[in-house]
Amino acid sequence: MELLQMPELMGLSLLLGLLALMATAAVARGWLRAEQETCGRSAGQRANGFPPDKSLRSKKQKQHQRIHKEKPQQHNFTHRLLAATLKSHSGNISCMDFSSNGKYLATCADDRTVRIWSTKDFPQREHRSMRANVELDHAILVRFSPDCRAFIVWLANGDTLRVFKMTKREDGGYTFTATPEDFPKKHKAAIVNIGIADTGKFIMTASSDTTIIIWNLKGQVLSTINTNQMHNTFAAISPCSRFVASCGFTPDVKVWEVCFGKKGDFQEVVRAFELKGHSAAVHFFAFSNDSRRMASVSKDGTWKLWDTDVEYKKQQDPYLLRTGRFEEASTMPCRLALSPDAQVLALASGSSIHLYNSRRGEKEECFEHVHGECISDLSFDVTGRLLASCGDRAVRLFHNTPGYRAVMEEMQGLLKRASNESTRQRLQQQLTQAQEALKSLGALRK
């Protein structure tokens with residue numbers, strides 16, 4: 001076989017090179033077309049609301065993919081005695097307080113706001129609220145001032161008190177302004193409660209160690225109380241503003257009197273009396289509106305009602321009026337609320353509420369799974385007709401049917417002993433009003 005001549009060899013090489021270039025170009029065009037189709041499919045899927053194919057995502061895209069947390073759904077609850085549900089907060093509500101004039105309800109949540117609700121809107125379908133922003137923090141406790149022109153909050157991160165003044169606008173709303181300086185930091189443990197005396201003479205703060213601090217309204221410490229209860233679970237000011245009480249690890253409730261002079265100057269804090277009778281730690285306690293009754297609930301699985309209208313300076317001890325069983329208290333923390341007239345006792349454990357007739361000691365109502373979280377606060381309004389609870393992002397308001405029944409029982413007893421016609425007419429009118437209220441709620445018992 002003869003060797004190819006040089007010109008023929010060069011021509012063959014050029015031909016082979018041209019064929020190789022054409023093949024490469026064809027492959028490149030096919031790859032580019034496939035990429036365009038892939039991108040087109042992804043864009044089309046996104047445009048039509050479908051997620052792109054996971055197989056097309058690169059590892060780098062998966063690593064940098066942002067995870068979106070779904071907002072928790074609002075817990076749904078219905079009951080024949082549910083009067084209203086207040087919804088405006090975007091975070092869980094930790095505390096609420098009714099104003100002394102009964103016109104407003106204040107709520108605070110971890111959404112950095114305090115909401116002020118008008119109680120006259122409760123029967124309505126829509127419930128409007130006024131918002132006060134808590135800058136760079138959020139409130140975990142809130143309390144109205146006695147004149148309803150201000151409120152105080154306890155700051156979760158700042159660990160101190162902040163005062164907000166309420167200024168009424170021409171349109172009927174309010175402007176909320178925080179005072180320039182917060183109270184000084186004094187507590188060394190988590191706070192359990194705050195309060196303002198109805199006389200406006202002092203403020204109380206209590207922490208979970210054994211400390212209660214009495215302040216004046218300007219943020220100056222008047223007195224510090226060591227409760228000697230291992231740790232405090234709750235503390236409160238009595239409605240009459242004479243007393244401060246606390247409960248904790250020990251099986252009693254300790255009560256002190258905050259004494260002021262005739263000119264209104266602070267004098268001292270002295271021990272007044274104790275509620276003794278429980279055999280284990282006390283979870284919670286509450287006063288009646290006139291401070292003549294107190295109720296307590298303990299880890300021993302009982303609740304107790306006390307007569308505290310005593311001459312303690314003459315060493316007279318409170319009288320135990322009633323003891324009832326509440327087994328849930330022996331296994332978990334619980335809260336307690338006493339109606340203004342002390343006729344009804346409300347106990348909350350977990351997300352459920354139990355209502356007792358305090359005179360007979362019988363459970364009359366039970367509301368289960370009221371909130372999506374454990375109940376964080378429980379309170380009767382100033383009239384005693386409604387019971388409010390919070391635990392998630394909503395406030396639930398219930399009709400106090402045991403309270404109406406207690407009024408009926410009391411009026412029927414008084415009618416039997418009434419001596420003149422005017423008294424009988426007045427008692428009969430109150431009895432009829434309670435009966436009509438129960439009838440309208442479908443709760444009148446035959």
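Residues: numbered from 1 along the sequence shown. Computed from a prediction, not measured in an experiment: that's the story for all the values here.
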Item to check | Residues Phe202, Phe266; criterion ring pair (Phe, Tyr, Trp, His ring centres under 6.0 Å); working and verdict | outcome: CA-CA 9 Å; Phe202 68 93; Phe266 172 76; 8.3 Å; no
Checklist entry - Angle class for the Tyr104/Phe144 ring planes (parallel below 30°, perpendicular above 60°, tilted otherwise)? => result tilted
Checklist entry - Could Arg293 and Asp307 be called an ion pair, given the rule that one side-chain N must be under 4.0 Å from one carboxylate O? => result yes
Next on the checklist: For Asn92 versus Asp110, what's the shortest heavy-atom pair and its separation?
Outcome noted: N-OD1, 3.0 Å
Checklist entry - How would you list, by chain and number, every residue that makes a side-chain contact (heavy atoms from CB on, under 4.5 Å) with Thr331, sequence neighbours excluded? => result none
Next on the checklist: Looking at every heavy atom in both Pro239 and Phe287, which two are closest together, and how far apart are they?
Outcome noted: CD-CB, 3.5 Å
Item to check | Residue Met230 excluded, over 12 heavy atoms near CE under 6.0 Å | outcome: no
Item to check | Other residues, nucleotides, ligands: >12 heavy atoms within 6.0 Å of Arg325 CZ | outcome: yes
Checklist entry - Considering residues at least two apart in sequence or located in another chain, which fulfil the side-chain contact (heavy atoms from CB on, under 4.5 Å) criterion with Val221? => result Lys186, Ile213, Trp215, Thr224
Next on the checklist: For His278 versus Val282, what's the shortest heavy-atom pair and its separation?
Outcome noted: CD2-CG2, 3.9 Å
Checklist entry - Listed by chain and number, what are the side-chain hydrogen bond (donor to acceptor under 3.5 Å, both in side chains) partners of Thr175, not counting sequence neighbours? => result none
Next on the checklist: Side chains of Asp121 and Glu126, heavy atoms from C-beta outward: is any pair under 4.5 Å?
Outcome noted: no
Checklist entry - Looking at side-chain heavy atoms only, is the closest gap between Met96 and Val395 below 4.5 Å? => result yes
Checklist entry - About how many Å separate OG1 of Thr107 and CD1 of Ile116, when rounded to the nearest 0.5 Å? => result 7.0 Å
Item to check | Any Ser208 side-chain heavy atom under 4.5 Å of Val192 side chain | outcome: yes
Next on the checklist: My understanding is that only residues two or more places apart in sequence, or in another chain, count here; which of them pass side-chain contact (heavy atoms from CB on, under 4.5 Å) with Ser352?
Outcome noted: His354, Glu368
Item to check | NZ/NE/NH1/NH2 to OD/OE distance under 4.0 Å, Lys263 and Asp265 | outcome: no
Item to check | Short side-chain donor-acceptor distance under 3.5 Å, Ser241 and Asp198 | outcome: no
Checklist entry - Who passes ring pair (Phe, Tyr, Trp, His ring centres under 6.0 Å) against Phe122, sequence neighbours left out? => result none
Checklist outcome for this item: Sorted by chain and number, sequence neighbours left out, ring pair (Phe, Tyr, Trp, His ring centres under 6.0 Å) with His231 holds for Phe249
Checklist entry - Between Glu365 and Arg80, is the closest basic N to carboxylate O distance under 4.0 Å? => result yes
Item to check | Tyr356: which of Arg322, Lys363, Gln343 passes side chain to side chain contact (heavy atoms under 4.5 Å, CB included) | outcome: Lys363
Next on the checklist: What I'd like to find out is whether the side chain of Cys334 reaches to under 4.5 Å of the side chain of Glu328, using heavy atoms alone.
Outcome noted: no
Checklist entry - Quick one: ring pair (Phe, Tyr, Trp, His ring centres under 6.0 Å) partners of Tyr404, sequence neighbours excluded? => result none
Next on the checklist: Checking side-chain polar atoms at under 3.5 Å, does Asn232 have a donor or acceptor matched by the opposite partner on Thr227?
Outcome noted: yes
Next on the checklist: Working note: Phe398 + Val370, criterion side chain to side chain contact (heavy atoms under 4.5 Å, CB included); need CA distance, chi angles, decisive distance, verdict.
Outcome noted: CA-CA 11 Å; Phe398 295 92; Val370 177; 3.7 Å; yes
Next on the checklist: To the nearest 0.5 Å, what is the distance between NZ on Lys87 and CZ on Arg115?
Outcome noted: 14.5 Å
Checklist outcome for this item: To the nearest 0.5 Å, atom CD of Gln316 lies from atom CZ of Phe273 at 10.5 Å
Checklist entry - Can you check whether Ala280's main-chain N or O pairs, donor with acceptor, with Ser298's side chain at less than 3.5 Å? => result yes
Checklist entry - Does the side chain to side chain contact (heavy atoms under 4.5 Å, CB included) test come out yes or no for Leu414 and Thr423, once each step is laid out? => result CA-CA 9 Å; Leu414 293 174; Thr423 301; over 6 Å; no
Checklist entry - More than 12 non-hydrogen atoms from neighbouring residues, nucleotides or ligands closer than 6.0 Å to CZ on Arg292, yes or no? => result no
Checklist outcome for this item: Applying side-chain contact (heavy atoms from CB on, under 4.5 Å) to Lys276 and not counting sequence neighbours gives Asp252, Glu274
Item to check | Whether His79 and Phe77 hold their rings parallel, tilted or perpendicular, with breakpoints at 30° and 60° | outcome: parallel
Checklist entry - Considering only heavy atoms from C-beta outward, does the side chain of Ile191 approach that of Asp159 to under 4.5 Å? => result no
For residues 147-155, dump all side-chain donor-acceptor pairs below 3.5 Å to protein atoms at least two apart in sequence or in another chain.
residue: Asp147; atom: OD1; partner: Ser145; partner atom: OG; Å: 2.6
residue: Asp147; atom: OD1; partner: Arg149; partner atom: N; Å: 3.0

Item to check | Test side chain to side chain donor-acceptor pair (under 3.5 Å) applied to Asp392 and His371, step by step | outcome: CA-CA 6 Å; Asp392 43 26; His371 296 279; 3.0 Å; yes
Item to check | CD/Glu181: more than 12 non-hydrogen atoms of other groups inside 6.0 Å | outcome: no
Checklist entry - Any chance the side chains of His283 and Thr233 put a donor and an acceptor closer than 3.5 Å? => result no
Checklist outcome for this item: Contacts of Arg417 meeting salt bridge (charged side-chain N to carboxylate O under 4.0 Å, His left out) (sequence neighbours excluded), chain-then-number -> none
Item to check | Distance-only side-chain donor-acceptor flag, Asn193 / Arg143, under 3.5 Å | outcome: yes
Item to check | More than 12 heavy atoms from other groups under 6.0 Å of NZ on Lys201 | outcome: yes
Item to check | Leu336 side chain reached by Leu378 side chain, heavy atoms, under 4.5 Å | outcome: no
Checklist entry - So how far is it from Leu81 CG to Phe367 CZ, rounded to the nearest 0.5 Å? => result 5.0 Å
Checklist entry - What closest approach, in Å, do Ile212 and Ser246 show between heavy atoms, and which atom pair accounts for it? => result CD1-CB, 3.7 Å
Item to check | Leu386 versus Ala83, closest heavy-atom pair with distance | outcome: CD2-CB, 3.9 Å
Checklist entry - Roughly how far, to the nearest 0.5 Å, is CD1 of Ile140 from OG of Ser376? => result 11.0 Å
Checklist entry - Measuring from Asp309:CG to Asp290:CG, what's the distance to the nearest 0.5 Å? => result 8.0 Å
Item to check | Validation row, ring centre Phe284 to ring centre Phe234 under 6.0 Å | outcome: yes
Item to check | Test ring pair (Phe, Tyr, Trp, His ring centres under 6.0 Å) applied to His399 - qualifying residues, sequence neighbours left out | outcome: none
Item to check | Side-chain touch Met204/Ile225, heavy atoms, less than 4.5 angstrom | outcome: no
Checklist entry - For Glu409, what residues pass the side-chain hydrogen bond (donor to acceptor under 3.5 Å, both in side chains) criterion, not counting sequence neighbours? => result Arg360
Item to check | Ser99 to Asn101 - nearest heavy-atom pair and separation | outcome: OG-OD1, 2.6 Å
Checklist entry - With side chains defined as the heavy atoms from C-beta onward, is the minimum distance between Val382 and Pro340 less than 4.5 Å? => result no
